[in-house]
Amino acid sequence: MAILKVAKLGHPVLRRIADPLEPGRVKSPEIQRLIDDMFDTMAEYGGVGLAAPQVHCPIQLLVTEDIPDPDLEGGYLAQRSVVINPKITFLTSEEIAYFEGCLSVPDFRGRVPRIQRIRLQGLDRDGNKIDREVEGFPAVVLQHEVDHLNGIIFIDRMKDLSTLSYQQEFERYWASTSGALSD
Ligand code: NI
């Protein structure tokens, strides 16, 4: 178990399309170790998601953290997960927007419109197929992470750059108006 170095905006690894992982390699010790280290790294820096290119591994792999349900004590909107070779299909044109942050763009937040409901396909860490519908905040997290696998950063998705804020200004002027996530 280890905390990995996070690539920051400007590093080319964040701007290339990550390579698919051969299904036969999913259960290899190096990939299983990478997954464990990514969970440690995400927890250390307080992210809700992390994509492998953010730790300098340009492969199609992402992890997401437990997402508690604010309306249900002890409940979860989504539980921590691993998605390999993810594919997202939009199931609606309805959008939702959160103030997103990113461990690769430290101290900034900006409001990003995302699709409200998606279909997620891919493989889990045991190589089993994932095929499920996801909506709301967990769908936003997944779209942010899958973008990382395609060299896209949340700033690219902003429709209104005037909402781009430092964390302190976000807390002062925007936090009461909108949700936030950091990955
Ligand atoms: Ni990010």
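If you read the sequence from its start, that first residue is 1, and numbering goes on from there. Excluded from the calculations below are hydrogen atoms, water molecules and symmetry mates; all remaining heavy atoms, backbone and side chain alike, are included.
To the nearest 0.5 angstrom, Arg117 atom CZ is 5.0 Å from Leu91 atom CG. Of the inter-residue distances, the one linking Cys57 atom SG with Asp37 atom CG reads 9.0 Å to the nearest 0.5 angstrom. Here the OG1 atom belonging to Thr163 is positioned 13.5 Å from the CD atom belonging to Glu169, to the nearest 0.5 angstrom. Here OG of Ser81 is found 11.0 Å from CZ of Arg125. Values are rounded to the nearest 0.5 Å. Put simply, OG on Ser165 and CH2 on Trp174 are 6.0 Å apart, with the number rounded to the nearest 0.5 Å. In this structure, Asp69 CG and Phe137 CZ are separated by 12.0 Å, a value rounded to the nearest 0.5 Å.
By the 6.0 Å contact criterion, CZ on Arg172 is open, its count of non-hydrogen atoms from other residues, nucleotides or ligands being 12 or less. When the shell of 6.0 Å around CZ of Arg15 is examined, it contains more than 12 heavy atoms from other residues, nucleotides or ligands. The environment of CD in Glu30 is crowded: more than 12 heavy-atom neighbours from other residues, nucleotides or ligands sit within 6.0 Å.
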CA sep, side-chain torsions, deciding dist, call: Glu95, Ile115, side-chain contact (heavy atoms from CB on, under 4.5 Å): CA-CA 5 Å; Glu95 292 182 340; Ile115 295 296; 4.2 Å; yes
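Of the candidates Phe154, Phe99, Tyr166, Tyr166 is the only one forming a ring pair (Phe, Tyr, Trp, His ring centres under 6.0 Å) with Phe108.
Pro106 has its side chain within reach of Lys8: a pair of non-hydrogen atoms, C-beta onward, lies under 4.5 Å apart. With contacts defined as side-chain heavy-atom distances shorter than 4.5 Å, the pair Ile31/Leu61 qualifies. Between Met38 and Leu34, the closest side-chain pair of non-hydrogen atoms falls below 4.5 Å. With a 4.5 Å cut-off on side-chain heavy atoms, Pro138 and Val48 do not count as touching. Side-chain contact between Leu164 and Arg109 is absent, with no heavy atoms from C-beta onward closer than 4.5 Å.
Between Ser104 and Gln54, the side chains place a donor N or O and an acceptor N or O closer than 3.5 Å (distance only, hydrogens not considered).
The heavy-atom pair separating Asn85 from Pro20 by the smallest distance is OD1-CA, 3.4 Å. In plain terms, the two heavy atoms of Cys102 and His144 that are nearest each other are SG-NE2, 3.8 Å. Considering all non-hydrogen atoms of both residues, Leu9 and Leu14 come closest at N-CD1, 3.7 Å.
In this structure a side-chain-to-backbone donor-acceptor pair under 3.5 Å is present from Asp156 to Ile153.
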